[in-house]
Amino acid sequence: MSLAPSSATYLASAIRNHSPEHESFQKFYEYWLTEQNNHLQDLISAANSTPDEPTLCSLIDRVLKHYEDYYKAKAMWSKHDVLAMLTPSWRSSLEEAFLWIGGWRPSMAFHLLYSKSGLQLEATAGSVGGWLKGMTMARDLASLSPGQLSRLDESQKKTIKEEKDITEKMAKKQEKVAGPDMVELSHLVTERIMSQGEPADQTEPNRVESVLVPKERGLEEVLQRADDLRLRTLKGVIEVLTPDQAVHFLIAAAELHLRLHEWGRKRDADHSHH
Amino acid sequence: MMAGICCGVVGEGEASAAIEPSASRTLKRRKMELLTYKFIADVAVPTPVAAAATAPVKRQKLELELCPSKTPSPRECEGGGSVESCEARANKDAKYNLACENSTPVLVAGKEGSQVEDSKYGVTSVCGRRRDMEDAVSVHPCISKQEAGHFYGVFDGHGCSHVAMKCKDRLHEIVKEELESEKAASSSYSSAQWKETMERSFTRMDEEVQAWNDSDEISNCRCELQTPQCDAVGSTAVVAVVTPEKIVVSNCGDSRAVLCRNGVAVPLSSDHKPDRPDELLRIEAAGGRVIYWDGPRVLGMLAMSRAIGDNYLKPYVIPEPEVTTTDRTEDDECLILASDGLWDVVSNDTACGVARMCLRARKPPPSPPRSPGSDDAAARVVADSVAESSNKACSDASILLTKLALARHSTDNVSVVVVDLRRERQRRLS
């Protein structure tokens, strides 16, 4: 049985072969983007028609599962090469400039929601009366209820707190780069190179390895926590929303992600030509 | 700290669709309590207007029953309130909130019993697009034993949130003490007396904040309560005390109170900005300077000319409020108190228009003829539903104003309190 290439089959084969290579995550990511684009089309047509709730829910589940797969794959590749995952070459430099610990900043989810909700609310606002109608009748994000807003606000505060905690964790890891072990070893190796003319890559390779490996482990742990927060935040927002609203939120998320990627790609291409 | 600081949308869940047996039971019980409550008030004093005219003795007695210390817990902002639990429960049963989808959770809303008039309000307070929550809101019905007065306050902190939180926790108590220390009932207060009382309250509030700063109380604030950073923490305070006859607004800073009267926005406070001509003169007379640094700022630092706290900018920045006393009229619709997260992007007129529309949109059911002594239950239900639709309307208004502020790219915390000022008769008519 042969399956069409997809991020899932790609992930499965990478797991089987025990060899998640850096290049292969790039491949995985390309498949994943294509699928995201397909999901976006499904979401948009769902928003434009009136499918029954079970249909909507299964679509939302499918999209969320797709995000889950992405983070599963990322976790797997991180174990293999966390540094590559923190400086993702498959992202454009535009996206990279806005990364927080190898991905999107979790608190962005709430800004995305507020922005989309605001645009949809303003769209109903031909008149003051329109706002009220939009607020209560709309099937999109203009209709956020008091209870929803309250839960989103709580969730936003929790997310920001966790985000700050993880940022602190990262700060500690970064500061430790200048710890005594690193300073001592870099001095020792420099001396050997300078005085004895040893080639840099052959000086104390084991000691270098023994100092660097735990640092990578530490980074992997931070990245794992950051990715976990990203996925939880996304799911948390969806959980507060009605299926109708969730569809609109997922559309906004995919649109922003895909277009940013393209704009960045185009920019990178333009710059490399000059 | 964050969780403690941040106000959620305050609320009491009232799901129209039964969500889950235990949840709806709780709601029903709560409703029953309110009904009983209302019932007493109704029997004794048929209408609020009439109540104002009834003999003081009678009112006094009622007060004992209706404004005791066990008055239903003041609905302060404690993050979410029961709206949250209502939906959270629903979520267990249905994914994506299916069960709650058609329900109308009320953020509410005050319906605190009082012998004269219920306090009907809606509160929304969100972090919005800022990373820190420094707004605080406090609502306390029946703050004075002598006279029915409801207390509403919005505090927008800067530097850290602890001064705003202190104001939220303490200012209503201070105002209450000050009112009780007066021999005269506040109903007979002149504007000058109100002004004095409120000024004393604000001064005491400021002193408490200072004393607290000086004490070694352990805190886990963002500012870590270290002087001099701690001296650079303050808060705006806009407070409205609403009695059956008057609206007393005391303001210090750039939060604002706006009265919606017959569709017209009447500001009851004037923002304390450093470039307000009289404020500029006052600051300069005290030896201070206003420097333009990302807008006018006192000594180039604080973008408001009065605040609670901010020791480092005294005596240029003062905690003295400006107090306005407004007689209530039949044309009064609602009072809006909000932080600049709202006012920066929504004009007084628009806010008024939105709030008014929300109040008018929720029409109470037509009231059946009421004959004295009969059909108490029906009367109760009607009275209850009138109050309820008003609360919902206030919540609608506060939530819509908040959403509007977010839609218009407000970058600050947004806190909005909407108080229904319509008399019972008006409510039925509108």
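Just so it is clear, the model here is predicted, and its values are computed rather than measured. Order of the sequence lines sets the chain letters (A, B, ...), proteins ahead of strands, with each chain counted from 1.
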>> Using only non-hydrogen atoms and a strict under-4.5 angstrom cutoff, which residues of residues 112-119 of chain A touch chain B?
In response: A/Y114, A/S115, A/G118
> Among residues 222-234 of chain A, which ones touch chain B with a heavy-atom distance under 4.5 Å?
Replying inline: none
>> I need the minimum non-hydrogen distance between B/K403 and A/L144, along with the two atoms involved.
In response: NZ-O, 2.8 Å
> Which heavy-atom pair separates B/G128 from A/Q156 by the least distance, and what is that distance?
Replying inline: O-NE2, 2.6 Å
>> A/T167: which residues meet the side chain to side chain contact (heavy atoms under 4.5 Å, CB included) condition with it, sequence neighbours left out?
In response: A/W100
> Taking only residues two or more places apart in sequence or in another chain, which ones pass side chain to side chain contact (heavy atoms under 4.5 Å, CB included) with A/A254?
Replying inline: A/Q36, A/L40
> OG of B/S398 to CG of A/L149: how many Å apart, nearest 0.5 Å?
Replying inline: 9.5 Å
> Measuring from B/L406:CG to A/L121:CG, what's the distance to the nearest 0.5 Å?
Replying inline: 9.5 Å
> What part of A/E163 is in contact with chain B, defined as an atom under 4.5 angstrom from a non-hydrogen atom: side chain, backbone, both or neither?
Replying inline: side chain
>> Could you check whether any side-chain N or O of A/D153 sits under 3.5 Å from a backbone N or O of B/V126, counting only pairs where one atom can act as donor and the other as acceptor?
In response: no
> Any salt bridge between B/D132 and A/K157, counting N to O under 4.0 Å?
Replying inline: no
